[in-house]
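Keep in mind it's a predicted model, so treat the numbers as computed, not measured. In this chain, numbering begins with 1 at the start of the sequence shown.
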Amino acid sequence: MNYEWHDFVGNVGVFLILLCYLLVQLGRIDTQGIRYSIGNGVGAGLLCVSLYINFNLSGLLIEISWLLISIFGLYQSVTRTRADPGEG
């Protein structure tokens, strides 16, 4: 097995998603917050790059779904913050 640039990109994506989950479990970030959605979205996007190169339909579908849900969560977080600047 050759470890190539897209493998590294995918591994960074995995790290970001797992880091977000760990930080939630440690109570460091809120699942409704912007950092959680950004971390998961970027992680899923990086995994999509890796899966596009080493194509796996099932993996790509779950990561695209994860990315879209993260974008939706980011949108909700931004609109919630604009509606009530005291929260965040």
So how far is it from Ile71 CD1 to Ile38 CD1, rounded to the nearest 0.5 Å?
11.5 Å
Looking at CZ of Phe15 and CG of Leu46, how far apart are the two atoms once the value is rounded to the nearest 0.5 Å?
12.0 Å
Using side-chain heavy atoms (C-beta onward) and a distance below 4.5 Å, is [X] in contact with [Y]?
X     : Y     : answer
Asn54 : Asp7  : yes
Tyr3  : Asn11 : yes
Trp66 : Leu47 : no
Asp30 : Tyr36 : no

Determine yes or no for a side-chain-to-main-chain donor-acceptor pair under 3.5 angstrom, with [X] supplying the side chain and [Y] the backbone.
X     : Y     : answer
Asn56 : Ser58 : yes
Ser50 : His6  : yes
Ser37 : Ile34 : no
Ser77 : Gly73 : no

Worked check of side chain to side chain contact (heavy atoms under 4.5 Å, CB included) between Glu63 and Leu68
CA-CA 9 Å; Glu63 292 309 322; Leu68 292 173; over 6 Å; no
Connected via hydrophobic side-chain network under 4.5 Å: [X] and [Y]:
X     : Y     : answer
Phe8  : Leu16 : yes
Val49 : Val12 : yes
Ile64 : Leu51 : yes
Leu19 : Ile29 : yes
Val42 : Tyr52 : yes

Non-hydrogen atoms of [X] and [Y] that approach each other most closely:
X     : Y     : result
Leu67 : Gly41 : CD1-O, 3.3 Å
Cys20 : Gly39 : SG-CA, 3.5 Å
Arg35 : Arg28 : NH2-O, 3.2 Å
Gln32 : Arg80 : O-NH2, 2.7 Å

Step through the shown structure and confirm whether more than 12 heavy atoms of other residues, nucleotides or ligands are within 6.0 Å of CG on Leu23.
yes
Assess the residue pair Ile53 and Trp5 against the criterion (side chain to side chain contact (heavy atoms under 4.5 Å, CB included)); give the C-alpha distance rounded to whole Å, side-chain angles, the decisive distance to 0.1 Å, and a yes or no.
CA-CA 10 Å; Ile53 304 295; Trp5 69 269; 4.2 Å; yes
